[in-house]
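Just below is one structure, and these are the notes that go with it.
Quick note: residue numbers are just sequence positions, from 1. Please read all numbers here as calculations on a predicted model, not as lab measurements.
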Amino acid sequence: MNPTRSTALARAALGARRDDQSLTEPHILETRFRWKGVLLDGARRGGLLIAPDRATAHALLQAEGIIAARLDALGPAAPARTSTREVTAFTRQLANLLCAGLALVQALELLARTSPRSGLPRVASGLARRITAGQRFAAALAAYPAQFDRLYCELAGIGEATGSLGSALARLAEQRERAAAQRAKLRAALAYPCGVMALAVIVTAALLAFVVPTFEQVFDNFGAALPGPTRAVMALSAFLTDWGPLSLAALAAIALVAARLMRGRASARMAFDRFLLAAPAVAPLARAIAAARWSRALGTLLTAGIPLADALGVLANVTGNAVFTAANAEIEARLRRGERLAHAMRAVGCFPAALVEPLAVAEESSALDAVLLDWSTLAEREVDERLAFASACAEPLLVMVLGLVIGSLIVALYLPVIELGNVV
């Protein structure tokens with residue numbers, strides 16, 4: 001497709017989506033119904049059903065071969081709950097169905113029937129109803145903000161406007177699958193160190209709480225002064241016995257308050273993300289992950305034909321890092337004032353030079369999308385290598401730490417016995 005025509009279509013799609021969003025309510029109001037009915041073979045059945053209205057509930061039951069004898073409304077239904085993995089699977093399946101030639105409404109109705117028991121059948125059937133009523137697909141997606149973020153809606157809108165919705169959804173699915181794979185690798189890299197540290201804490205606490213008091217009773221019968229390491233272990237055991245439960249409750253309360261602050265206050269999240277980008281061991285990895293997500297999302301939007309400034313407006317929370325989110329907003333403002341992308345990225349100061357310098361050259365050759373996607377692939381590969389290296393180094397180091405802690409406790413406990421043996 002001609003790049004100029006693609007950009008024009010992208011601008012038209014963005015304008016149409018903004019018009020649709022002004023007429024779209026922010027959420028779906030659905031009702032829980034309790035029904036009793038009769039199957040075609042005469043068997044009586046009953047159950048619960050979620051539908052937007054009574055007529056739709058009757059239609060859904062009739063589609064299952066059920067004649068409703070009674071339908072009682074129980075009140076508003078809770079919003080549909082879906083996981084990130086389920087939304088990604090839904091995107092991939094919908095893209096495959098569209099590329100196979102199915103109509104959009106037909107594909108959504110098929111997914112509503114074949115999806116596993118989760119919130120996705122409700123979402124798929126709701127999307128199908130809205131499209132049948134005359135809404136654009138992107139506007140229907142915007143009614144489910146918990147499942148489909150702005151980047152998702154914008155790319156779907158561009159695909160819908162350009163007649164390439166299947167390929168647009170395939171790109172979205174690929175991007176989400178890449179992000180999910182990176183998160184899985186990060187969790188896998190952290191699982192072993194966290195498990196070993198938890199084991200070390202549990203074993204140490206058990207020794208201090210149950211084993212050390214027994215030795216303390218034996219040492220009291222000696223009537224001799226105990227060595228310094230042994231006295232320190234005894235004091236730590238007494239503190240854990242007296243204040244351990246209270247300290248654990250205080251730590252849990254602090255963690256809960258911190259988690260709520262992180263979710264509820266932008267300033268707390270900003271402070272935490274600044275700390276991550278400043279921590280010596282964590283900063284390079286956190287910066288590389290955020291920059292890779294940003295560059296891949298921006299490259300995908302530019303490939304779809306969205307203008308650069310408009311594309312930056314879509315990337316609000318794509319990195320998951322508040323510092324990069326604020327930097328993205330600053331870059332967008334600078335671009336609208338006439339600055340170049342590379343100059344604006346240097347000004348915000350949080351993007352690595354390995355990304356900024358190639359973009360300065362790519363701006364002159366109109367190859368921003370290709371450079372962004374290529375760099376994101378290299379950055380993701382580098383992140384994977386760093387995670388593998390950190391995990392390989394952490395295993396022996398943590399085993400040594402665990403052995404040192406347990407060995408120090410044992411030596412401290414047996415030191416009085418050894419000294420007593422030397423005296424005798």
Side-chain angles (χ1 to χ4, degrees), residues 185-265 267-286 386-424:
K185 290 177 181 179
L186 182 60
R187 286 194 296 267
L190 293 176
Y192 181 82
C194 291
V196 173
M197 290 299 296
L199 178 63
V201 171
I202 292 172
V203 172
T204 303
L207 289 175
L208 292 173
F210 302 107
V211 178
V212 173
T214 303
F215 277 81
E216 187 175 4
Q217 295 176 1
V218 175
F219 295 154
D220 288 341
N221 297 327
F222 287 172
L226 297 176
T230 306
R231 291 197 304 272
V233 170
M234 295 297 179
L236 186 59
S237 174
F239 175 82
L240 182 64
T241 303
D242 296 337
W243 300 98
L246 183 61
S247 300
L248 185 61
L251 289 175
I254 292 173
L256 181 61
V257 170
R260 290 191 174 182
L261 285 176
M262 289 278 293
R263 289 195 300 267
R265 293 194 177 183
S267 58
R269 182 57 188 261
M270 177 67 76
F272 178 75
D273 288 339
R274 287 188 185 279
F275 168 77
L276 284 181
L277 295 178
V282 181
L285 187 62
R386 287 186 178 184
L387 287 175
F389 178 75
S391 179
C393 293
E395 292 179 9
L397 181 62
L398 288 172
V399 171
M400 292 172 57
V401 171
L402 178 60
L404 181 62
V405 171
I406 304 302
S408 300
L409 285 176
I410 293 175
V411 170
L413 291 177
Y414 279 94
L415 191 59
V417 178
I418 295 174
E419 291 187 355
L420 181 63
N422 292 335
V423 172
V424 174

Query raised in the report: Can you find a pair of side-chain heavy atoms, one from Pro229 and one from Val411, that are under 4.5 Å apart?
Result: no

Query raised in the report: Looking at Pro284 and Pro280, what are the two nearest heavy atoms and their distance?
Result: CD-O, 3.5 Å

Can I get a per-line list of side-chain donor-acceptor pairs under 3.5 Å for residues 272-279, giving both atom names and the distance, sequence neighbours left out?
unit_1	atom_1	unit_2	atom_2	d
Asp273	OD1	Arg269	NE	3.3
Asp273	OD2	Arg269	NE	3.1
Asp273	OD2	Ala322	N	2.6

**Report entry** Rounded distance (nearest 0.5 Å) linking atom CG of Leu246 with atom CG of Leu251
**Finding:** 9.5 Å

Query raised in the report: Going from CG on Leu261 to OG on Ser267, what distance comes out if it is rounded to the nearest 0.5 angstrom?
Result: 8.0 Å

Query raised in the report: Any sub-3.5 Å donor-acceptor pair from Thr230's side-chain atoms to Leu413's backbone N or O?
Result: no

All N/O donor-acceptor pairs, side-chain side in residues 193-205, below 3.5 Å, sequence neighbours left out:
unit_1	atom_1	unit_2	atom_2	d
Thr204	OG1	Ala200	O	2.7

Query - Minimum heavy-atom distance Met234-Val212, with the two atoms named - result: SD-CG1, 3.5 Å

Query raised in the report: Under a 4.5 Å cut-off applied to non-hydrogen side-chain atoms, are Leu409 and Leu208 in contact?
Result: yes

Query raised in the report: Is there a donor-acceptor contact under 3.5 Å from the side chain of Thr241 to the main chain of Ser237?
Result: yes

